[in-house]
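Every value quoted in this text rests on a predicted model; they were computed, and no experiment measured them. Just so it is clear: chains get the letters A, B, ... in the order the sequence lines come, proteins before strands, and each one is counted from 1.
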Amino acid sequence: MSQKPSIPKGTRDFFPQLMARRNYIFDTIRSVFLLYGYQEIETPAMENLSTLMGKYGEEGDKLLFKILNSGDFAAKVPDDLLANKDSVKITNKISEKGLRYDLTVPFARFVVQNRNELVFPFKRFQIQPVWRADRPQKGRYREFFQCDVDVIGSDSLLNEVELVQITDEVFKRLNISVTLKINNRKILAGIAESIGEPEKITEITVAIDKLEKIGTEKVMLELEEKGIKNESVEKLKPILTLKGTNTEKLEQIRNVIEQSGTGQKGVEEVQTLLSYIDKLKLSLPVELDLTLARGLNYYTGAIFEVKANDVEIGSITGGGRYDDLTGIFGLPGVSGVGISFGADRIFDVMEKLNLFPEDTETSTTVYFVNFGEKEVAYLLPVVDKLRKSGIACELFPDAAKLKKQMTYANRKNIPYVVMVGENEMQAGSFTLKEMKSGDQKEVTLQELIEIAGKGK
RNA sequence: GUGAUUGUAGCUCAGUAGGUUAGAGCGCUGGAUUGUGGUUCCAGAGGUCGUGGGUUCAAAUCCCAUCUGUCACCCCA
């Protein structure tokens with residue numbers, strides 16, 4: 001029995017109309033990237049698990065899709081592992097490849113592997129799908145597209161500035177109202193130091209990242225649960241509730257983390273970045289948010305996050321500086337910074353706000369009715385001629401009933417239908433029907449090309 | 001991984017004190033109009049009620065399990 005086909009949880013099919021809209025987003029983003037001198041690369045959908053594992057934290061490892069080895073992999077698993085039902089250890093034995101989880105780690109691998117052929121600083125962008133074995137929900141899919149821009153091999157804060165400009169330009173072109181939040185991991189490290197918990201930096205950042213969502217009290221509670229001393233948590237409290245303009249916040253935090261060298265460095269970086277940004281006329285507001293942490297633990301400097309102002313959907317773009325991502329692959333001392341545009345969430349935002357321009361979908365301009373063999377032979381060169389004039393047209397493959405063919409043209413929103421039967425062939429004319437008005441007239445080939453050429 | 005919720009025609013949904021042959025709108029197919037779509041009228045096709053068990057004389061309806069979609073938590077684009 002044939003069973004109903006389906007696709008895996010959290011994945012989607014894209015209809016022609018959706019593809020047109022998605023491509024509008026990709027094309028916009030790509031053109032901005034190119035404008036700033038970034039070059040496109042692609043990497044394989046799957047990577048060796050050794051490349052992927054341990055780069056995204058414990059949670060990330062769980063969310064990696066793993067690919068089963070080929071062949072009789074079960075035979076190679078020691079009996080005691082099977083008997084103990086130890087999933088993690090069994091997995092190591094039967095799987096050595098996984099689907100990429102993001103584009104940054106594969107990029108780091110790419111850079112290390114091909115370092116001798118690349119020109120540094122290397123500016124690349126990459127628009128490809130990534131996969132996460134997460135439970136799907138609103139704005140979250142198991143397969144989704146990221147659009148990454150990174151520059152690697154330069155410490156200059158000018159790179160951060162450039163990424164901010166790119167972000168501004170992309171959302172300006174897409175007509176989405178957004179806020180850019182920035183922070184610096186060094187400041188967070190400084191905070192952890194100054195409250196006497198430098199070791200707990202990860203726990204602290206994860207907890208305060210939730211501040212906006214769950215409130216100060218619950219964050220405090222979570223910190224205590226994570227084993228941070230009560231007095232330290234108390235010290236943290238005033239830091240998290242800092243208010244004011246970017247400059248005011250910066251001044252206050254500078255005092256708090258006075259004794260931390262790393263923290264001071266972070267403050268300086270943010271200050272420099274903000275002063276550069278001030279000189280540019282950006283459309284998006286840039287807000288220093290000391291509670292912005294971001295989950296990925298390879299970030300070491302600036303961190304960014306973009307939120308849509310008019311839709312509740314989480315962040316639609318995020319990124320930051322990573323000082324030593326390539327170090328894990330044997331190339332230490334190479335710093336990079338990058339951001340990732342979440343194409344699917346941007347799509348959802350634009351759908352919700354009705355921001356897509358009307359003309360994203362392009363259709364056939366002229367439809368030729370198929371009346372039979374003789375007519376087809378007569379029309380083939382005509383269709384060819386129109387196409388060579390740049391007019392998109394199609395000739396129906398079957399000599400189906402006229403009603404069916406008209407319905408087809410109508411469903412595809414084709415503006416012009418051309419009918420050529422025996423009468424027209426004899427007269428050397430073309431019956432041209434304009435579908436919108438229903439008007440119909442006989443024209444010459446020259447007139448047909450002129451009229452359709454205007455409407456394409 | 002934890003919790004909540006959903007599933008009836010291609011689509012959107014009606015349908016419970018369990019009771020003949022499960023309905024509507026839209027869509028689809030054919031006809032009115034054998035060279036004319038989008039409007040109108042007429043007719044028709046299409047359903048193992050997500051799947052598997054159980055309770056019952058009897059289950060779309062009640063119970064259990066499972067799958068799928070949705071939402072929240074964790075985490076994240």
Side-chain angles (χ1 to χ4, degrees), chain A residues 1-12 25 29 56-64 87-88 100-104 127-148 202 205-207 209-210 213-214 218 222 292-297 304-308 312-320 338-349 367-372 375 396 399-425 431-440 442:
Chain A
M1 272 302 163
S2 73
Q3 66 192 137
K4 255 190 195 167
S6 63
I7 54 175
K9 195 199 281 268
T11 64
R12 298 151 297 161
I25 294 176
I29 291 175
Y56 309 105
E58 209 177 313
E59 196 68 28
D61 286 353
K62 279 190 215 156
L63 298 180
L64 279 170
S87 298
V88 175
R100 72 166 100 80
Y101 179 91
D102 73 355
L103 299 177
T104 307
I127 299 175
Q128 286 189 278
V130 302
W131 295 268
R132 296 182 189 178
D134 211 350
R135 260 218 206 164
Q137 54 181 282
K138 192 176 183 179
R140 178 180 298 188
Y141 310 97
R142 285 184 146 182
E143 177 185 62
F144 60 98
F145 274 75
Q146 289 190 330
C147 313
D148 270 34
T202 308
T205 53
V206 168
D209 194 38
K210 295 177 200 160
K213 211 167 173 184
I214 63 177
K218 283 188 179 165
E222 179 168 332
L292 173 65
R294 298 194 55 77
L296 295 175
N297 52 24
F304 308 101
E305 193 159 287
V306 175
K307 290 213 160 175
E312 235 358 273
I313 196 168
S315 67
I316 55 177
T317 289
I339 47 173
S340 177
F341 292 80
D344 298 272
R345 284 191 178 174
I346 291 173
F347 179 90
D348 288 349
V349 169
Y367 172 90
F368 287 87
V369 173
N370 179 336
F371 281 119
E375 287 85 351
F396 204 67
K401 280 187 185 168
L402 221 215
K403 186 184 167 109
K404 181 172 176 172
Q405 299 196 48
M406 292 301 285
T407 305
Y408 174 88
N410 190 50
R411 288 286 301 266
K412 282 189 80 172
N413 276 318
I414 296 172
Y416 298 105
V417 169
V418 171
M419 281 166 280
V420 175
E422 267 182 53
N423 295 342
E424 285 89 347
M425 285 198 289
T431 299
L432 175 67
K433 174 162 183 165
E434 199 202 327
M435 293 297 274
K436 203 167 176 184
S437 62
D439 295 343
Q440 192 169 311
E442 297 222 348

side-chain N/O A/K9 vs B/U68 OP1/OP2, d < 4.0 Å: yes
Distance test, side-chain N/O of A/Q137 to OP1/OP2 of B/A72, below 4.0 Å: yes
Can you tell me, in whole Å, how much space there is between the [atom1] of [N] and that of [M]?
N	M	atom1	value
B/C73	B/C62	P	30 Å
B/A59	B/U16	C1'	11 Å
B/C42	B/G52	C1'	44 Å
B/U12	B/U21	C1'	25 Å
B/U70	B/A17	P	33 Å
B/G1	B/G18	P	37 Å
B/C49	B/A22	C1'	8 Å
B/U61	B/U56	C1'	13 Å

Any donor-acceptor pair under 3.5 Å joining the side chain of [X] to the base of [N]?
X	N	value
A/R132	B/C75	no
A/R135	B/U2	yes
A/N410	B/G37	yes
A/E424	B/G35	yes
A/K436	B/G38	no

Please report the interatomic distance OG1(A/T317) to NZ(A/K307), rounded to the nearest 0.5 Å. 12.5 Å
Rounded distance [0.5 Å steps], CG in A/L64 versus NZ in A/K62: 12.0 Å
Whole angstroms only, please: what is the [atom1]-[atom2] distance between [X] and [N]?
X	N	atom1	atom2	answer
A/R142	B/U70	CZ	P	11 Å
A/N370	B/G37	CG	P	17 Å
A/L64	B/G1	CG	P	15 Å
A/E442	B/G35	CD	C1'	12 Å
A/E222	B/C73	CD	C1'	12 Å
A/D134	B/U2	CG	P	14 Å
A/I7	B/C67	CD1	C1'	15 Å
A/E434	B/G38	CD	C1'	13 Å

List the atom of A/L402, the atom of A/F371, and the distance in Å for their closest heavy-atom pair. CG-CE2, 4.0 Å
Watson-Crick or G-U counterpart of [N], or none if no pair lies under 3.5 Å:
N	answer
B/U34	none
B/A24	B/U12
B/A65	B/U51

Starting at the 5' end of RNA chain B, which residue's closest nucleotide do you reach first, A/M419 or A/P136? A/M419
Taking for each residue the nucleotide of RNA chain B bearing the nearest heavy atom, is the 5' side occupied by A/L63 or by A/S437? A/S437
For [X], which contact category applies under a 4.0 Å heavy-atom criterion: base, sugar-phosphate, or nothing?
X	value
A/Q440	base
A/L402	base
A/E143	nothing
A/G60	nothing
A/G10	sugar-phosphate
A/Y141	base

Option from A/W131, A/Y101, A/Y56 for which side chain to side chain contact (heavy atoms under 4.5 Å, CB included) with A/L63 holds: A/Y101
Check: [Y] main-chain N/O paired with [X] side-chain donor or acceptor under 3.5 Å:
X	Y	result
A/E143	A/P129	no
A/R142	A/D134	yes
A/R345	A/G139	yes

Check the surroundings of atom CD in A/E422: do more than 12 heavy atoms from other residues, nucleotides or ligands lie under 6.0 Å from it? no
Protein-nucleotides 28-33 of chain B N/O pairs under 3.5 Å:
{"from": "B/C28", "atom 1": "OP1", "to": "A/R411", "atom 2": "NH1", "distance (Å)": "3.2"}
{"from": "B/G31", "atom 1": "OP1", "to": "A/K401", "atom 2": "NZ", "distance (Å)": "3.0"}

Closest of B/C75, B/G37, B/C76 to the A/R345 side chain is B/C76
If you check the A/K138 side chain, which of B/A72, B/A77, B/U36 turns out closest? B/A72
ring centroid sep under 5.5 Å plus plane angle under 30, A/Y408 with B/G37: no
Using the side chain to side chain contact (heavy atoms under 4.5 Å, CB included) rule, take A/N410 and A/M435 through it: C-alpha gap first, then chi angles, then the decisive distance, then the call. CA-CA 7 Å; A/N410 190 50; A/M435 293 297 274; 4.2 Å; yes
A/Y367 vs A/Y408, test: side chain to side chain contact (heavy atoms under 4.5 Å, CB included). Steps then yes/no. CA-CA 9 Å; A/Y367 172 90; A/Y408 174 88; 3.4 Å; yes
